Protein chains: 2
Amino acid sequence: MDGDSGGDIDLQSFAVRLRRMNAEFNRVAHDFAGAHGLHTTDIQALVKIFDAPSPITPSRLREELNLTSGAVTACLDRLERAGHIRRVRDAHDRRVVHLHYLDAAKDLAAAFFQPLGRGTGNALRRFSPEELRIVAAFLDAMNEELDALRAAPGSP
Amino acid sequence: MDGDSGGDIDLQSFAVRLRRMNAEFNRVAHDFAGAHGLHTTDIQALVKIFDAPSPITPSRLREELNLTSGAVTACLDRLERAGHIRRVRDAHDRRVVHLHYLDAAKDLAAAFFQPLGRGTGNALRRFSPEELRIVAAFLDAMNEELDALRAAPGSP
DNA sequence: ACATATAACTCAATGATTGAGATTCTTAAT
DNA sequence: ATTAAGAATCTCAATCATTGAGTTATATGT
């Protein structure tokens, strides 16, 4: 113990906090899945489709979610059948499919996740802009490290 | 100061960062599962068993993971068969089972997640103790809000 | 044209999750 | 003691997602 009062800044305590938050996010996602006749995988796919800067493809999803192509096809079938997404063939390379998140489904998800958004908003509101910049920097740092891990699982 | 122009402190940008981090954690967990003949659910259970302050029971796990009792039993069968946990009947209430994470399995998990721990450590090392206290406070705030959401999914 | 590579899909086999019900034990009341 | 009600866990058949191998359609290079 070196003068730090709270004992809050060691690796283990952060790991516990992060695992707990991760578990809760997964629980919310699991609830959404259940409420809409979907599965955990489908929600993960929806998040990826939603957050992708430009329309994502099934093979990219396969990489992101670590699934087999068969599983991705089945997942997209479910999402398309339930009216969440649409498959659009690329005009230039007709082998390629682009995945579009339908607006109506976006609204549905927005409505469901509104409590989560409010909760996150409440948490953010407790901090000053400078503090939030630090938090954002931390999340960015974590995401950088996680990307590095994905690239080279053992080395860094 | 100029930071207001960065667009880094609005709800949406935080949501994206958090979703991305969540997805990467899940990917790491999925890898661990695959490497040990387990499934995503089993890892979620292991995390809960590991992080519980005192030995957890199957019914508590059922609540935490939102599974049916049948699924929990099957999950624990797999974990016990694979040598990760042990079921211990409570002496006073013999209906109750307590779940113990075996030390050998802890070592196994520690070894596997060492890269993740190093990555997290790298991220933490970029920040001063005061900054880390802010980040820890933010994670605590998020976890509080998430707990509130779990208790009353619609109200706050 | 031909061969090779890539994107997405199909399908049988495997196996996790569900949902209902059975089993074992506890607690409170008669 | 005995009974009834309640709780914690487990069993099992049915359902359905995932896998892994193989197929189709399109693209690229020689």
Side-chain angles (χ1 to χ4, degrees), chain A residues 26-27 29-49 52 54-82 84-100, chain B residues 26-27 29-49 52 54-82 84-100:
Chain A
N26 287 341
R27 224 186 55 85
H30 190 267
D31 285 355
F32 179 76
H36 292 274
L38 300 175
H39 297 260
T40 307
T41 302
D42 306 292
I43 309 303
Q44 291 178 345
L46 276 181
V47 168
K48 287 292 179 188
I49 293 168
S54 63
I56 199 176
T57 64
S59 12
R60 185 122 178 60
L61 227 109
R62 194 187 134 282
E63 295 166 11
E64 297 267 6
L65 302 183
N66 257 1
L67 291 177
T68 57
S69 66
V72 170
T73 297
C75 168
L76 295 176
D77 284 347
R78 292 192 297 270
L79 289 177
E80 196 167 34
R81 194 172 340 111
H84 292 275
I85 65 155
R86 203 169 39 127
R87 286 189 244 226
V88 179
R89 284 272 168 197
D90 185 283
H92 296 298
D93 188 339
R94 296 259 270 268
R95 297 170 305 180
V96 175
V97 164
H98 289 295
L99 304 172
H100 292 269
Chain B
N26 287 341
R27 224 187 54 86
H30 189 268
D31 284 356
F32 179 76
H36 292 275
L38 300 175
H39 296 260
T40 308
T41 302
D42 307 281
I43 309 305
Q44 292 177 345
L46 276 181
V47 168
K48 286 293 178 190
I49 293 168
S54 62
I56 199 176
T57 65
S59 11
R60 186 124 176 58
L61 231 122
R62 193 188 136 282
E63 296 165 12
E64 297 268 5
L65 302 182
N66 257 0
L67 291 177
T68 59
S69 64
V72 169
T73 298
C75 168
L76 296 177
D77 283 348
R78 293 192 296 272
L79 290 177
E80 197 166 35
R81 193 170 344 109
H84 293 275
I85 65 155
R86 202 170 40 127
R87 285 190 245 226
V88 179
R89 284 272 169 196
D90 185 283
H92 296 297
D93 188 338
R94 297 255 272 266
R95 298 170 304 182
V96 175
V97 164
H98 288 296
L99 305 172
H100 291 269

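Just so it is clear, the structure is predicted and the values come from calculations on it, not from any experiment. Each chain gets a letter, A, B and so on, in the order the sequences are listed, and its residues count up from 1.
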Rounded to the nearest angstrom, tell me the gap between atom CG in A:Leu38 and atom C1' in D:dA17.
13 Å
So how far is it from B:Cys75 SG to B:Leu38 CG, rounded to the nearest 0.5 Å?
8.5 Å
Hey, what do you get for OG1 (A:Thr40) to CG (A:Asn26), rounding to the nearest 0.5 Å?
7.5 Å
How long is the span from the NZ atom in A:Lys48 to the CG atom in A:Leu99, to the nearest 0.5 Å?
13.5 Å
Classify the nucleic acid contact of A:Arg87 as base, sugar-phosphate or nothing, counting any heavy atom under 4.0 Å across all strands shown.
sugar-phosphate
When the nearest nucleotide of DNA chain D is assigned to A:Val72 and to B:Ala74 on a heavy-atom basis, which residue is associated with the more 5' position?
B:Ala74
Pairwise N/O distances under 3.5 Å, protein to nucleotides 2-6 of chain D:
{"from": "D:dG6", "atom 1": "N2", "to": "B:Arg95", "atom 2": "NH1", "distance (Å)": "2.9"}

Interatomic distance where CG belongs to B:Leu67 and C1' belongs to D:dA8 [whole Å]:
16 Å
How long is the straight-line distance from NE2 of A:His30 back to CG of B:Leu65, given to the nearest 0.5 Å?
8.5 Å
Output the rounded distance in Å from CZ (A:Arg89) to P (D:dT26).
8 Å
Interatomic distance, CD@B:Gln44 vs CG@B:Asn66, rounded to 0.5 Å, equals 10.5 Å
Going by the angle between their ring planes, with limits at 30° and 60°, are A:His98 and A:His100 parallel, tilted or perpendicular?
perpendicular
With a 4.5 Å limit on heavy-atom distance, are the side chains of B:Leu76 and B:Pro58 in contact?
yes
Atom-to-atom span, CG of A:Asn66 to C1' of D:dT19 - whole angstrom:
13 Å
Would you mind reading off the distance between A:Leu65 atom CG and D:dT18 atom P, rounded to a whole angstrom?
10 Å
Every protein N/O lying under 3.5 Å from an N/O of nucleotides 20-23 of chain D:
none

Take atom CZ in A:Arg78; do more than 12 heavy atoms of anything else shown fall under 6.0 Å from it?
yes
When you match A:Ala91 and A:Asp42 each to their closest nucleotide on DNA chain D, which lands nearer the 5' end?
A:Asp42
Please tell me if A:Arg62 has a side-chain N or O lying less than 4.0 Å from either OP1 or OP2 of D:dT19.
no
Is there a donor-acceptor pair closer than 3.5 Å between any side-chain N or O of B:Arg89 and the backbone N or O of B:Arg95?
yes
Start and end of chain B contact along DNA chain C [non-hydrogen atoms, under 4.0 Å]
C:dA16 to C:dT26
Once you round to the nearest 0.5 Å, how far does CD1 of B:Ile49 lie from OG1 of B:Thr57?
10.0 Å
Taking A:Glu80 for its side chain and A:Arg87 for its backbone only, find out whether a donor-acceptor pair lies under 3.5 Å.
yes
Can you tell me how far C1' of D:dA17 sits from CG of A:Leu79, to the nearest Å?
13 Å
pair B:His84-B:Asp42: side-chain heavy atoms closer than 4.5 Å
no
Between A:Leu76 (CG) and D:dA17 (P), how many Å, whole number?
13 Å
What is the separation between atom NE2 on A:His92 and atom C1' on D:dT28, rounded to the nearest whole Å?
17 Å
